[in-house]
Q: 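What follows is a structure written as structure tokens; I'll ask about it next.
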Amino acid sequence: MNINWRKTGQVRLQLGTLLLVGLFVAYGVYSSSVEALVSTEQKSVLAKSSEFYDFRTKLPVDLQPIDCVKKACVALTFDDGPEEPFTSELLDVLRSKQVAASFFVIGFKAAAQPTLTRRMYLEGHDVENHSWDHADFTKLTPERIKEEVQKTQDAVAAADVPAPTMFRPPYGRRTPKIRNEIGLPTMLWDVDPKDWGETDVDKLVDKVVATVRGGSIVVMHANHQITVTAMPRIIDALRQKDYQLIPISQMLSGSLEPNHEYFSAR
Ligand code: NI
């Protein structure tokens, strides 16, 4: 049989080219159909999430393995958010300073702002439960208490964030009976600069820095401008005094029990 090898080679080349073109076309059709499935809004959320996710995987300095004996730890905590524009600005400050903290969120606000709630988590912060609508729990029935706690757990989980493992009672008001009904560790504080009522940034910075000790839990708020303004200086001053700033989950890791209350890590 007389085979024209040159011609066979050409046919093979043409078949190869055709196959490549076919693959290109198929990929084009596939990717444009995927494109069509993702709305513009979803795309911007996805872009943001991956940006935050990159940040979390980098592990901020304060999320590296921690030894609070070698270097004293302090937990900064922020209640009553998420609330714009303050919470975003606060997150910006914490990110630029590479600090991870603990946020005690109000359920209805977290439900209304899932992207912001998820951002807290992705940037290395604890996202914890501060009730659904900041009710005084000493005035509620056991059923309402359970509902306040559970709806907030659900709102956080709906934002694609692990469900909270701590509860902070609104106004710090609680009784042993209420603690039992909540079923989560009760997280209080030992340093309260009353940032919500302060108008002088210098005074706010001084109050925090003068009262913090190793193991302190500082309560502040995620919905006040003065807190955002003071935060870079508070962080710098505490680091100057050689404290490492970490979330409560890390400071008290392994020692949290439901129906107990905590004021500090001392
Ligand atoms: Ni509060």
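Whatever order the structure lists ligands and atoms in, that order sets their numbers, starting from 1. Position 1 is the first residue of the sequence, and the numbers go up from there.
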Q: Could you note down all residue pairs passing salt bridge (charged side-chain N to carboxylate O under 4.0 Å, His left out) where residues 160-171 supplies at least one of them, sequence neighbours left out?
A: D79-R168, R118-D160

Q: With no hydrogens and no angle check, do the side chains of D154 and Q150 hold a donor and an acceptor under 3.5 Å apart?
A: yes

Q: At their closest point, which heavy atom of G81 faces which heavy atom of T87, and how far apart are they?
A: CA-OG1, 4.3 Å

Q: So what's near the Ni ion (ligand 1), protein N, O or S atoms under 2.8 Å?
A: D80 OD1, H130 NE2, H134 NE2

Q: Mind listing the closest non-hydrogen atom pair of A135 and R144 along with its distance?
A: CB-NH2, 4.5 Å

Q: Salt bridge (Lys or Arg N to Asp or Glu O under 4.0 Å) between K109 and D80: does it pass, once the steps are laid out?
A: CA-CA 9 Å; K109 295 184 183 178; D80 297 358; over 6 Å; no

Q: Is F108 reachable from F78 through a run of hydrophobic residues whose side-chain heavy atoms are each under 4.5 Å from the next?
A: no

